There are 2 protein chains.
Amino acid sequence: MASRAKATILDIAREAGVSKSTVSLVLQGSGLIRPETAVKVRKAIEDVGYVYNRGAANLRKAHSNVIGMVINDLTNPFFAELAVGMERVFQAAGIVPFIANTAENPVRQEEVLKSMMEQGVAGLIVSPARGTTPGAFRRIEAAGVPVVFAMRRLPESRIPAIAPDNHRGAYLATEHLIAKGHRRLAFFGGSSDLVVYQERLGGFLEACEALGIPVADRTIVEGETSRKGGMACLETALATSEPPTAALCFNDAVAFGVMLALRRRNLEAGSDFAVVGFDDVAEAEHYSPALTSVAVDTAGLGERAAHVMLKMIQSRTTRAEDHIGAVSLVVRESCGQNRSSQLGDAA
Amino acid sequence: MASRAKATILDIAREAGVSKSTVSLVLQGSGLIRPETAVKVRKAIEDVGYVYNRGAANLRKAHSNVIGMVINDLTNPFFAELAVGMERVFQAAGIVPFIANTAENPVRQEEVLKSMMEQGVAGLIVSPARGTTPGAFRRIEAAGVPVVFAMRRLPESRIPAIAPDNHRGAYLATEHLIAKGHRRLAFFGGSSDLVVYQERLGGFLEACEALGIPVADRTIVEGETSRKGGMACLETALATSEPPTAALCFNDAVAFGVMLALRRRNLEAGSDFAVVGFDDVAEAEHYSPALTSVAVDTAGLGERAAHVMLKMIQSRTTRAEDHIGAVSLVVRESCGQNRSSQLGDAA
DNA sequence: CCCTATAAATGGAACGTTCCAATAAATCAA
DNA sequence: TTGATTTATTGGAACGTTCCATTTATAGGG
């Protein structure tokens with residue numbers, strides 16, 4: 001049932017009565033061939049069910065047309081949105097992104113990166129897995145393949161990163177909670193081995209500092225960056241002697257978890273406890289109550305990352321500027337009305 | 001900054017003072033080479049920062065080690081779970097799955113499939129986009145590349161499909177609703193151009209038939225298979241003169257939408273209106289109220305699909321049996337207590 | 001009518017691997 | 001010692017493309 005030996009450019013040449021070089025030219029859409037010849041060749045291609053062998057082509061050509069996208073957690077819809085943004089710009093450039101999942105596992109990540117390199121990708125967009133070793137990208141850089149980090153970065157790396165302004169986002173959100181009249185604040189979820197965590201927590205702390213929330217009234221609970229993690233964080237925080245009345249969550253998944261835990265306790269997110277998320281995933285808007293969250297323009301960051309990559313490939317460089325994306329606080333229902341009457345809202 | 005010409009097997013040979021053939025043998029882990037030689041070669045490989053060129057290798061070798069996974073909607077966490085299951089088995093077989101998203105767009109799907117073929121994938125696991133034309137896989141089959149459909153199938157295709165027992169799942173769920181005492185039932189979401197839809201709706205209708213729900217008391221509302229779609233379905237259904245009191249939803253996303261719409265109307269899912277989902281995504285358990293749903297063992301189906309693919313590759317065939325995965329109803333809170341007192345639950 | 005310029009098509013070498021057949025070195029039986 | 005056997009290693013052809021340098025055909029200018 002399987003067809004005989006795969007058809008090659010030579011088979012087409014024979015079929016169309018031209019030389020292999022001519023076929024190659026047609027394949028590349030060269031203007032040198034006579035239109036009628038091109039038509040003839042294209043028909044032959046169709047007839048024999050030819051499939052182009054990009055591996056063979058890349059043997060001679062400089063660059064391939066595939067870039068690899070290595071994601072630490074595909075089950076987070078956030079990354080799917082990021083991928084969508086990238087695909088838009090790559091598609092226009094005739095480039096196909098291949099996605100691979102590392103499931104937050106550095107070993108798996110190593111394998112995946114190796115495989116993509118062997119496949120001859122023109123570039124790599126990576127959201128590094130937690131615990132990625134500093135040297136993990138040394139060989140790739142040495143090979144001259146451009147790498148861009150998306151959303152996450154490595155502490156001491158020279159690799160350009162595209163990420164939202166985490167610090168500012170956290171500051172804005174915290175400011176909002178304080179403006180709502182809250183005085184005992186929590187930061188929920190995430191763990192300190194992530195640069196992103198440092199940035200977001202940093203923004204939270206700076207806002208507390210600037211707006212007069214004493215250290216004693218700040219509750220910081222690390223935890224998994226998932227619904228489950230969020231639920232755990234809330235339980236931990238409410239068990240303290242002076243529990244917080246509001247929380248900035250590491251991301252939306254944590255925030256959803258917090259809201260679930262509240263409901264289980266018959267508390268209402270918004271009126272009884274204020275919750276702010278981070279990332280503003282599509283779901284935030286449709287939750288009940290709708291989640292106030294820091295919007296990071298995920299798809300936009302994806303586009304940006306793709307553009308940077310394209311530029312790097314073109315200019316054959318392995319260096320580029322970092323890019324910090326603008327953020328904005330999207331106020332919805334999860335922080336309720338103002339606690340004291342002192343302030344209007346700060347949208 | 002970018003390194004000089006990429007190192008090849010010949011550079012390593014020179015460095016290690018052996019022939020290229022020896023290097024090749026080492027690369028393939030052949031037992032023919034003397035251990036000390038192997039060590040010497042591996043050191044050279046490390047020293048020059050060599051990266052294996054799989055494209056060149058595939059020129060001579062029969063099969064590549066990558067399989068393509070083409071997904072219609074990466075933003076649905078369901079597919080991420082499917083991917084996770086596959087990755088487990090592929091990883092053990094030394095195969096790397098590359099994922100591409102078609103965003104439910106047949107044109108994009110065509111491009112993606114073409115690109116994967118050109119890349120020389122050993123096989124393709126596909127969840128076809130809505131509106132895929134019957135002939136879309138003709139060329140791929142002709143090229144002898146094995147294809148497996150996951151979750152979705154095409155109406156008249158000979159391509160093996162791995163899917164849950166949609167009919168039975170829908171039947172079970174409907175039976176459950178009826179056992180709970182509901183008599184006016186709805187089927188929400190999906191559209192009739194999907195085979196899956198036919199199957200699920202079929203199970204629903206058969207249960208209605210068998211358990212004595214007259215046609216007049218069945219409400220069928222097609223809609224987008226998303227939260228938004230679910231919200232719309234509920235609104236439509238409640239606007240009828242004799243609105244249903246319970247709904248089986250095409251999938252969990254639709255069910256979540258329905259529950260949201262209920263809350264907006266100050267109705268309680270469970271007590272005021274019963275909701276059953278389909279797929280049992282991770283989120284179903286954590287929702288409030290927790291969603292009763294038909295569990296399809298997503299990761300298990302992924303594993304199965306991967307196994308079938310592996311078998312097909314090994315036996316160089318393009319044919320295999322369909323596989324229908326077992327389903328089970330997971331009863332949680334979204335259908336509330338029994339409506340009438342006549343029956344216990346049917347877990 | 002010849003020479004040159006342009007357009008279209010072509011053959012051959014090269015790309016980095018694998019694999020076969022062949023060689024070289026080491027071991028063994030007699 | 002010699003031939004046969006086993007163990008390690010090797011050169012060369014092949015894989016399917018691209019690209020350069022040619023060749024061939026077509027047209028234009030004087």
Side-chain angles (χ1 to χ4, degrees), chain A residues 3-42 44-45 48-66 115 117-122 143-144, chain B residues 3-42 44-45 48-66 114-115 117-121 143-144:
Chain A
S3 76
R4 36 244 92 273
K6 288 191 197 313
T8 81
I9 215 182
L10 282 136
D11 298 311
I12 299 172
R14 198 177 318 116
E15 181 86 4
V18 298
S19 81
K20 61 175 172 39
S21 303
T22 305
V23 177
S24 176
L25 259 1
V26 172
L27 249 17
Q28 307 177 60
S30 161
L32 285 179
I33 36 82
R34 202 155 37 123
E36 334 161 28
T37 313
V39 169
K40 198 170 52 178
V41 170
R42 266 190 269 273
I45 289 179
V48 304
Y50 167 76
V51 350
Y52 183 73
N53 184 335
R54 209 167 280 275
N58 286 342
L59 224 40
R60 296 262 6 199
K61 287 212 292 212
H63 276 305
S64 77
N65 77 141
V66 354
S115 198
M117 287 297 288
E118 292 181 357
Q119 222 55 232
V121 294
Chain B
S3 78
R4 34 247 93 271
K6 287 190 197 315
T8 80
I9 216 181
L10 282 137
D11 298 311
I12 300 172
R14 198 176 319 115
E15 181 86 5
V18 298
S19 80
K20 61 174 173 40
S21 303
T22 305
V23 177
S24 175
L25 258 2
V26 172
L27 249 17
Q28 308 177 61
S30 161
L32 285 179
I33 39 80
R34 201 158 35 123
E36 332 161 30
T37 312
V39 169
K40 199 170 50 178
V41 170
R42 264 189 271 273
I45 289 180
V48 303
Y50 166 76
V51 352
Y52 184 73
N53 185 334
R54 210 168 279 275
N58 286 342
L59 223 40
R60 297 257 15 199
K61 289 212 290 212
H63 274 305
S64 77
N65 77 142
V66 355
K114 178 151 170 273
S115 196
M117 287 297 289
E118 292 181 357
Q119 220 57 230
V121 294

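Bear in mind the structure is a predicted one, so any value in this text is a computation, not a measurement. Sequence lines set the chain letters: A, B, ... in the order given, protein chains first and strands last, and positions in each chain run from 1.
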Next item on the list: Take B:Val51 and B:Lys6, measure what side-chain contact (heavy atoms from CB on, under 4.5 Å) needs, and give me the verdict at the end.
Entry: CA-CA 8 Å; B:Val51 352; B:Lys6 287 190 197 315; 5.8 Å; no
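- For DNA chain D, the neighbouring residues in residues 14-26 of chain A, judged by any heavy atom under 4.0 Å, are A:Lys20, A:Ser21, A:Ser24.
- When the salt bridge (charged side-chain N to carboxylate O under 4.0 Å, His left out) test is applied to B:Arg34, the partners found at least two apart in sequence or on another chain are B:Glu36.
- Across all their heavy atoms, A:Gln119 and B:Asn65 have their closest contact at NE2-ND2, 4.3 Å.
- When the C1' atoms of four end pairs are superposed on the next four at each end of the helix from C:dC1-D:dG30 to C:dA30-D:dT1, using five pairs per end, the two resulting axes differ in direction by 50°, to 10°.
- Counting only heavy atoms from C-beta outward, the side chains of B:Val18 and B:Ile12 never approach each other to under 4.5 Å.
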Next item on the list: Apply the test side-chain contact (heavy atoms from CB on, under 4.5 Å) to residues A:Ile45 and A:Tyr52: give CA-CA distance (whole Å), side-chain angles for both, the deciding distance (0.1 Å), then the verdict.
Entry: CA-CA 10 Å; A:Ile45 289 179; A:Tyr52 183 73; over 6 Å; no
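- Within residues 31-41 of chain B, no residue has a heavy atom under 4.0 Å from DNA chain C.
- The structure places CZ of B:Arg60 at 10.5 Å from OG of B:Ser24, a figure rounded to the nearest 0.5 Å.
- When DNA chain D is scanned in the 5' to 3' direction for atoms under 4.0 Å from non-hydrogen atoms of chain B, the outermost contacting nucleotides are D:dA8 to D:dG16.
- Every pair tested for salt bridge (Lys or Arg N to Asp or Glu O under 4.0 Å) that includes a residue from residues 21-32 of chain B fails, sequence neighbours excluded, so the list is empty.
- Two residues are said to be in side-chain contact when any heavy atoms from C-beta on lie closer than 4.5 Å; B:Thr8 and B:Asn53 fail this criterion.
- Between A:Asp11 and A:Ala7, the closest heavy-atom pair is OD2-CA, 3.2 Å.
- Distance check: B:Leu27 CG to B:Arg42 CZ gives 9.0 Å after rounding to the nearest 0.5 Å.
- Shown here for A:Ile9 and A:Lys20, the closest heavy-atom pair between the two residues is CD1-O, 3.8 Å.
- Across all non-hydrogen atoms, the minimal contact from B:Gly120 to B:Ser64 is O-OG, 2.7 Å.
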